[in-house]
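I have placed the structure first, in the form of structure tokens, so that the comments after it can refer back to it.
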Amino acid sequence: MNLDFSDDQKFLQSEARKFLEKEQSIQKSRSVLDTKQQYDKDLWAKVLEMGWTGIRIPELYEGLGLGHLELCVIAEELGRSLAPVPFSSSVYLFTEAIIKFADEQIKSEILPKLISGECVGTLAITEQLFAPTENNIKVSVDNNQITGTKIAVPDASVATHVLVICKSELGSDLRLVDLTNNNCEVHDQDTIDNSRGHSLIEFNNANSQLVGDAGGGWALLQNILNQAAVLFSFEQIGGAQATLDMASEYAKQRFAFGRAIGSYQAIKHKLADMYIGLTLAKSNTYYAAWALLNDSTELEVAAATARVSSTEAFQFCSKENIQTHGGNGFTWEYDCHLFYRRSKLLSLNIGSLAAWKEKLVSGLERSNLNSSQ
Amino acid sequence: MNLDFSDDQKFLQSEARKFLEKEQSIQKSRSVLDTKQQYDKDLWAKVLEMGWTGIRIPELYEGLGLGHLELCVIAEELGRSLAPVPFSSSVYLFTEAIIKFADEQIKSEILPKLISGECVGTLAITEQLFAPTENNIKVSVDNNQITGTKIAVPDASVATHVLVICKSELGSDLRLVDLTNNNCEVHDQDTIDNSRGHSLIEFNNANSQLVGDAGGGWALLQNILNQAAVLFSFEQIGGAQATLDMASEYAKQRFAFGRAIGSYQAIKHKLADMYIGLTLAKSNTYYAAWALLNDSTELEVAAATARVSSTEAFQFCSKENIQTHGGNGFTWEYDCHLFYRRSKLLSLNIGSLAAWKEKLVSGLERSNLNSSQ
Amino acid sequence: MDFNDTHQESEFRATCRGWLEKNAQLKGGTGNDERYGRVDEHDFLNSARAWQKKKFDAGWAMLHWPKHYGGLEASAIERIIWGQEESKFNVPRGVYEIGLGMAGPVMMQYASDQQKARYLPPMAAGEEIWCQLFSEPSAGSDVAGLRSKAVQDGDDWIINGQKVWTSGAHFCDYGIIVVRHDPNIEKHAGMTFFFVDMKSPGIDIRPIKQITGGSSFNEVYFNDVRIPDSQRLGAIGDGWRVAITTLMNERLAVGDANGADAKEAFEWAQGQDDHGQPMIKNSGVRESIADWYCQASGLKNTKLRTMSALSKGDTPGPEASITKVVSANKLQAIGNFGIDSLDMAGMLKTDDADVHSFHDAWLGSAGLRIAGGTDEILKNIIAERVLGLPQDPRADKGLAFKDIPSGN
Amino acid sequence: MDFNDTHQESEFRATCRGWLEKNAQLKGGTGNDERYGRVDEHDFLNSARAWQKKKFDAGWAMLHWPKHYGGLEASAIERIIWGQEESKFNVPRGVYEIGLGMAGPVMMQYASDQQKARYLPPMAAGEEIWCQLFSEPSAGSDVAGLRSKAVQDGDDWIINGQKVWTSGAHFCDYGIIVVRHDPNIEKHAGMTFFFVDMKSPGIDIRPIKQITGGSSFNEVYFNDVRIPDSQRLGAIGDGWRVAITTLMNERLAVGDANGADAKEAFEWAQGQDDHGQPMIKNSGVRESIADWYCQASGLKNTKLRTMSALSKGDTPGPEASITKVVSANKLQAIGNFGIDSLDMAGMLKTDDADVHSFHDAWLGSAGLRIAGGTDEILKNIIAERVLGLPQDPRADKGLAFKDIPSGN
């Protein structure tokens, strides 16, 4: 019985936390937000030096060949520190997809470069102001050439490669496009959290390579998103923990009417509610990490459960952290809003809360059907 | 500008409150609950003496011929005092329907007797463990004879007449059945709140008279329910106010750790939330009373708004009143549970919260459609 | 129950309406709606000044004031009728509310006749703009915990300290301010109230950037700012008593959160979701809209009840405290709903006015739940003043201000 | 991360399982499920006694106890493994938990060796049933506010007062009790702890009828009840220290609310609504089920994390406080959902097991949110013990008990 990380994994996490604190990751995130730089080059260079981009890449391709759990603990720290680097797009979404679905040629060409940072990858899904489905995507491929527009693509301005979900003859394809050498235009887009860069990409007959089965792109995408949901959940619980810590600290130090505001039950119970939400989310996310590690059939439901509860926990904690800070919480100067913004970004980036609740219940229905057969 | 009751109406309300307090209406409700007597005969006799059953009945039929507002203030007091009498079935549902939809012969025969209590009426709607719709009702009429089973009919064991919604050749009919002289069997049913009687009625070729248009029964039923929703909302805000008063009083008197529990913010803010919910509900219910009084086209939306917010307010207040009372709140001896039960009963009796939310939004859609035409 | 004006009210409404129609444009119609898009501050101030002057000249600016200060000696219900009518017109708002709503009553009650004659008419005419200087970095919900000092020096007082959340300080001419003249006595007894010329030497005004990106509030630093004793309002030590009425005015005046409401959510939900169905077909969305509609409608009808009381000459209670709690939280929920309804694309700032309003709602509501009394303070007020529950034990009771635990 | 037992744990589990299979019936299967229907109390007690005796004879009754009191000196994780396996079998529960969980540890720690030899084995064997007597009418959340008096009389103490919420008092043989021996000193210092023979003269036991209609709790009146000083547990004045460990045991042991959970709501929603569609097609229902599933799953996984800590020999923190808050509120919501899903007919008590369980959930949850620590007390515990927030100011601090304001 062990629903916990190993001592080695905890050590890796603790080192990561120290590193990100030393690098003032939160301040760098603020600076990216203020200047709309898309990401922090310096921090990204150091993250690459740490070798985190290669954690899951097999040794054959010069990676560390470790399991998902090492990535999970890093994700929690990146979430806690709001790290303004293209890690989640390049690692959780792109690298994981390449490892799992790409052919040998692509792997050997790209994986080593993803470790060094020579390549940075991302994933382009959405096109319109509503949820993408297999039926409503319009970006299409014809004779290996992709045409159409994707929006809200994370880190596209720094990415060298993008995986694109597009309509194809047999259904939908997942396709790899080299952004550096192609008919693609990348335009940065403002978001609710400019501490992480997002862009629109116009594909004008851009060359592409198929990844995975032709026509089966949508199923691959779901698989990628289910895996990534676990890793993003770790970012979310890291962020939620950071805001709970901030709120607790402030409640102990801030006095009103002659005593610490943390001695008032309105604040106490607010913080207790934050703690309750976070604890449930953390436990669900740990369980999803186990399912991810073991590529369990439970992954779909476990990932959705982690995603839903972490999304709710981070949104609630970051919102009530502002409230706990009173007027200060509403200033640009305090960090509260950085977490509030990030919580919203992370609640949307791989699909909304409603969409994941729907996945969760659909998953329950399928497993119910299976168990009753 | 006047969204308030007149001085006369307030006087009537205040007299009603005094009367119901003097009659120990709440204790009588407890006694009916304990003994499953269906209703309190003594209190009902006194209510009849007060003439409240005739408030809305035109003077032509020996009634007082007053407007709806007088009935509203009485309803609020009946709700506050949990009065265990067949008033709501006989007055809000039955009498109102007869006044509005019955023909002259029925009116002159029945209305005077409803005032004296010689007749008591009710309305039979539901048949199954889900919401009734025009399509799923099975009780049917053939050659003026009704056959089938209705359940959860309020006050059926004391009623002399029942209005039945049933399937007919042209759609659905609203039909009047004399329970005293007919092929009907009435069986009492246990409910979550036995302080108000409910029964199952089996109709075996029971003679009936049509009320209103043949085939148009469902529309008439909706009309009756919309009107009754306003009156039941007054009962609900009366009940909610009673529980808020109980909780406030207890919070001032009960001490823990050397001070009144009402000085703790957890209790303060709980009670403030109860007050907020109740105030919004009360204001919506007043507005609905205006719409009812004026038979306004806004009645449908206003009644649903009143119903939804009063249902939520009473359920929330009665639930958190128990919590405020701690262990005492969970004893049979304290009155808290009487209100908790009544809040549930009133949340279901003319359709569930979900059903009324649906009516509200459907109403908004229709008025949106109308305004955009 | 009826919603018709009395004959007298109806005549008054017609008078208001007549004047407004001649002097302003009705909302809606052709492009008058300023819902989206920022207006240059300088231009906006000029237009606000012009409108205020127009109103003043006709007596509408402070219509309940005595005639010799430019008012019409109007009743409470007449003020409301005027407000209802004015709100239907597209006129500049947000510049004078605090000065007229908070500084006005204080000056009326505590200033000398000479001062009233000097300051009230230009205040009402919009020629001089007033602000309030109460909150401090360490005195937010606990306003009486303020530390700015006033030291008497001959016929003057010398003020040192810092105020925050002063709306419009950078364009104001005068301010009302409460400061501590004696830290050695009980906290509420040690404060004194003044009005101050905002152009005085030693005043330094710095904008506060809010999380919305806007900067409508300021920090105001006082370095040896000199105020003549004649600008004291109320007796020495009466500062809290003077301030508290003003604060109650603020907390009651802070009304409905502006922005997306049930109606906007309903209209937005007519749009299509990912399956090409209107969102309004989704039963979860329907339930949320029903909840918001009930809240919005409940607030509207509560206001009607308050007006009914005013109309009869009654004084309404502190019920208005619920307005901000309910509407700010509703705004936060509706903003979130609107953003989430766009799924992944919800993160994008776009030119679409609806999307923009949902983003604004989501960010701005976080501040609305705090400004003018936090949710927590307002619920305390409801519990204590409306329901009569006992106060929290006061850790600062009976202590000299300087001895109150402050965590420092 | 893995969910496999260690080799040792797995062997232990097999031993438990082997014994259980020989001596009890697995849950489910043919009609063993006692989910619905009341069992006669006398029969139930007999069956509980028999099962407890069987366990005791094999060493399972208090498996962590020393061998000479009938235990196996098992580790914490072994207790959990036993508990997991036993919970899969259809065995009587609810009679011994309080005695063994609360009186057991206190007797083990504070009784004399002679007393332990006398009382512990029959307690574990189920031959003598124990209850706890802490709460009083004026001492609920504030247990230390208790007023029952103990007056020394030679080698005895004479007890007067009233206890409430004593589970099973009417069939118990012994009870642990904390009473006030001195109202003239500080509240926590004035209490002393005893165990008492429940058949003593002067004890009067009256059932408390709960809102569910059941009466599993009692009021216990003490009229000049005599307890020998030898039955004192801990020193005079140490009563609170002895009680507090017991109470923490209770608050941590109060676990998941029994009754309808996310799974039951999901299965129920496969049924049809008014339009002949399964309820599960309704998106509002889907959202609620997702929320409840996340909560239920979060609690389950939190328990797995606690067990992981135990398995490594760590002491788990007060995280378990969240279990009751979350599960009792979830139960209330699910009960309400189930009832409301029946629309008008939801009010009816029926023989349908699901409907019955929703009614039970809706009524019972109102008590679960209170019993063994209210939502409010548990959130205080989380805030103070887990998050380290400061205590509320204590109005009773440093006062003699008799001088503490009590509202009377």
Side-chain angles (χ1 to χ4, degrees), chain B residues 125-133 135-136 151-152 189-194 196 198 200 252-261 263-267 270 315 318-319 322-323 325-334 336-338 340-341 344-345 347-355 357, chain D residues 135 137-142 144-145 164-165 187 208-213 215 217 271-276 279 282 284-285 332 336 339-350 352 355 359 362-363 366-367 369-371 374-376 379-380 392 394-397 399 404-408:
Chain B
I125 310 172
T126 203
E127 305 175 5
Q128 307 270 353
L129 298 183
F130 41 71
T133 64
N135 295 323
N136 71 23
I151 60 175
Q189 294 186 294
D190 266 355
T191 73
I192 209 152
D193 176 15
N194 279 328
R196 296 282 287 105
H198 285 80
L200 171 155
K252 288 172 202 170
Q253 287 173 357
R254 172 85 184 177
F255 273 56
F257 306 102
R259 53 182 170 113
I261 62 169
S263 70
Y264 292 96
Q265 281 187 339
I267 299 293
K270 185 193 295 300
Q315 291 199 107
S318 65
K319 180 170 85 145
I322 293 180
Q323 185 71 11
H325 277 73
N328 286 332
F330 197 61
T331 61
W332 194 269
E333 184 190 347
Y334 275 67
C336 305
H337 71 110
L338 305 179
Y340 188 48
R341 291 174 193 281
K344 194 76 213 121
L345 188 76
S347 81
L348 296 166
N349 65 343
I350 50 167
S352 70
L353 188 58
K357 284 189 180 176
Chain D
S135 295
S138 61
S141 292
D142 179 14
V164 289
W165 300 113
K187 129 185 189 182
I208 300 172
K209 188 170 175 188
Q210 297 150 233
I211 74 175
T212 50
S215 302
F217 298 97
Q272 297 191 345
D273 74 358
D274 53 339
H275 301 290
M279 284 177 259
N282 177 300
V285 170
Q332 200 163 29
N336 200 55
I339 292 173
D340 275 15
S341 71
L342 300 165
D343 200 73
M344 299 185 198
M347 68 175 73
L348 295 174
K349 288 190 186 165
T350 78
D352 182 277
V355 174
H359 276 240
W362 181 79
L363 272 173
R369 287 180 54 203
I370 294 162
T374 61
D375 288 358
E376 290 75 18
K379 287 186 185 177
N380 269 358
D392 251 271
R394 294 289 294 258
D396 51 3
K397 203 164 192 169
L399 296 182
I404 295 171
S406 69
N408 299 334

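Lettering of chains follows the sequences in order, A, B, ..., and the numbering in each one begins at 1.
Looking at D:Q272, the atoms closer than 4.5 Å to chain B (heavy atoms on both sides) all sit in the backbone: N, CA, C or O. In this structure, no portion of D:A144 lies under 4.5 Å from any heavy atom of chain B. For a residue to count as touching a neighbouring chain, one of its non-hydrogen atoms must lie under 4.5 Å from one of that chain's; by this rule D:N380 does not touch chain B. The contact between B:I125 and chain D is made entirely by side chain atoms (from C-beta outward), counting heavy-atom distances below 4.5 Å. Heavy atoms closer than 4.5 Å to chain B are found in the side chain of D:K187, but not in its backbone. With a 4.5 Å cut-off on non-hydrogen atoms, D:I404 touches chain B through its side chain but not through its backbone. For D:L348, the parts sitting under 4.5 Å from any heavy atom of chain B are the backbone and the side chain alike. Looking at D:L363, the atoms closer than 4.5 Å to chain B (heavy atoms on both sides) sit in the backbone and in the side chain alike.
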Worked check of salt bridge (charged side-chain N to carboxylate O under 4.0 Å, His left out) between D:D392 and B:R259: CA-CA 12 Å; D:D392 251 271; B:R259 53 182 170 113; 2.8 Å; yes
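Looking only at heavy-atom pairs under 4.5 Å with chain B, the residue among D:K379, D:E376, D:Q210, D:R394 that has the most is D:Q210.
Using a 4.5 Å heavy-atom cutoff, the side chains of D:L342 and B:L348 are not in contact. Between D:M347 and B:Q189 the shortest side-chain heavy-atom distance does not fall below 4.5 Å. Between B:Q315 and D:N336, the closest side-chain pair of non-hydrogen atoms falls below 4.5 Å.
For the ring pair (Phe, Tyr, Trp, His ring centres under 6.0 Å) test, residues two or more places apart in sequence or in another chain that qualify with B:H337 are B:W332. Residues that satisfy the ring pair (Phe, Tyr, Trp, His ring centres under 6.0 Å) test with D:F217, not counting sequence neighbours, are D:W165.
Across every non-hydrogen atom of D:I211 and B:G329, the tightest pair is CG2-O, 3.9 Å. Residues B:Q128 and D:A345 share a closest heavy-atom pair of O-CB, 3.4 Å.
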